[in-house]
Amino acid sequence: MRYLVPNDYMADPSAHVFNGRLYIYPSHDWESGVQENDNGDHFNMKDYHVFSMDDVEHGVAADHGVALDVKDIPWAGRQLWDGDVAHKNGKYYMYFPLKDKNDIFRFGVAIADRPEGPFIPQPDPMRGSYSIDSCVFEENGNYYMYFGGIWGGQLQRYKDNKALENGATFPAENEPAICPRVAKLSDDMLQFAEEPKPVVLLDKEGKPLTQGDNQRRFFEASWMHKYNGKYYFSYSTGDTHFICYATGDNPYGPFTYQGVILTPVVGWTTHHSIVEFKDKWYLFHHDSVPSGGRTWLRSLKVTELKYNADGSIQTIQGSAK
Ligand code: FUB
């Protein structure tokens with residue numbers, strides 16, 4: 001494994017192939033001086049760059065520069081976290097989580113004519129949006145947005161898509177865990193076309209993973225890909241630092257837990273994307289080795305991802321020993 005952008009700190013890579021070229025949409029870490037806390041205030045990012053590759057062997061061929069800056073987003077408060085980009089009818093749509101002026105995470109949409117941007121933000125956040133970590137999956141002209149993250153990602157503040165009056169509720173340890181969400185996007189790609197639904201993660205006995213099962217329950221970093229007709233929902237377990245996956249028969253799930261894709265890396269967060277490019281599958285992710293373990297200064301990596309004959313994913317060793 002090697003670092004893709006050795007001269008800067010980038011994290012949360014969302015990788016996609018557009019027009020035969022691989023594009024990476026990461027978060028852009030920097031040393032903002034904000035104290036580290038469980039709320040993630042130290043992830044104080046203020047812009048996005050876009051990177052592209054002709055092939056993975058030769059690494060990043062181009063840094064296309066700043067594609068979106070927080071100062072150009074009218075409703076911005078702070079913290080541009082993990083975004084994603086989708087393509088429809090010659091336009092590229094970036095979905096980004098950002099705290100508004102009341103310190104509530106919402107999703108914004110920004111539009112470009114080219115995959116590398118620049119992306120022009122819409123004046124307001126998506127209606128009814130909340131929490132963090134957008135991932136957009138396209139199939140047969142339908143676009144599904146997966147999202148959510150607990151703790152600093154604020155997902156525990158919502159039930160049935162409504163903000164809770166008392167601020168936040170976590171289920172008891174033996175109750176079903178808080179679920180990520182999925183919603184189809186509208187034809188114009190600017191709003192949810194439906195109420196977001198919970199993405200239910202089950203164990204092999206068909207029971208929902210519980211909140212106390214923190215080796216397997218969802219924390220943040222949703223990603224969806226399809227392989228051999230199956231839907232693979234992958235995610236981070238946060239405080240236990242695994243990238244795991246669960247499989248299902250349709251984009252809404254439920255998904256059955258299958259195992260670990262990536263064991264813990266150096267740094268608190270672990271976040272990834274999975275993409276097929278030129279007949280191989282890749283795991284893009286980050287760690288904090290180059291910054292000496294400073295968890296808010298992360299660096300991009302890529303490694304090949306391999307499947308077994310039964311469709312299970314071979315576990316990749318992360319950089320934490
Ligand atoms: O980069 C900020 C946050 O850290 C992301 O949104 C989370 O997934 C975690 O990687």
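Just follow the structure's listing: the first ligand is 1, and inside any ligand the first atom is 1. All values derive from a computational prediction rather than experimental measurement.
In D12, the part holding a heavy atom less than 4.0 Å from any atom of ligand 1 is the side chain. Contacts between H28 and ligand 1, counted as non-hydrogen atom pairs separated by less than 4.0 Å, are absent for every part of the residue.
Close N/O approach between H286 and ligand 1 is not found [any backbone or side-chain N/O within under 3.5 Å].
Remark: minimum distance from atom 9 (C) of ligand 1 to any protein heavy atom is reached at E220 OE2, 3.3 Å. Scanning the protein heavy atoms around atom 6 (O) of ligand 1, the nearest turns out to be D133 OD1, 2.5 Å.
Proximity to R298 (heavy-atom distance under 4.0 Å) selects the following atoms of ligand 1: 1 (O), 2 (C), 4 (O), 9 (C), 10 (O). Every atom of ligand 1 with a heavy atom of D82 under 4.0 Å away is listed here by number and element: 6 (O). For ligand 1, the atoms sitting less than 4.0 Å from at least one non-hydrogen atom of M45 are 1 (O), 2 (C), numbered in the order shown with element in parentheses.
No side-chain donor from either of D133 and S222 sits under 3.5 Å from a side-chain acceptor of the other. E139 and Y144 share no side-chain donor-acceptor pair at under 3.5 Å.
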Please report, to 0.1 Å, the donor-acceptor pairs under 3.5 Å made by any side chain of residues 145-154, with sequence neighbours excluded.
residue : atom : partner : partner atom : Å
Y146    : OH   : P251    : O            : 2.5
Q154    : OE1  : F105    : N            : 2.8
Q154    : NE2  : D103    : O            : 3.0

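The residue from M10, M45, H42 that alone fulfils the side chain to side chain contact (heavy atoms under 4.5 Å, CB included) condition with D29 is M45.
Listed for the Q79 side chain is a donor-acceptor partner under 3.5 Å among the backbone atoms of G40. Looking only at distances, a side-chain donor or acceptor of Y143 sits under 3.5 Å from a matching main-chain atom of H87.
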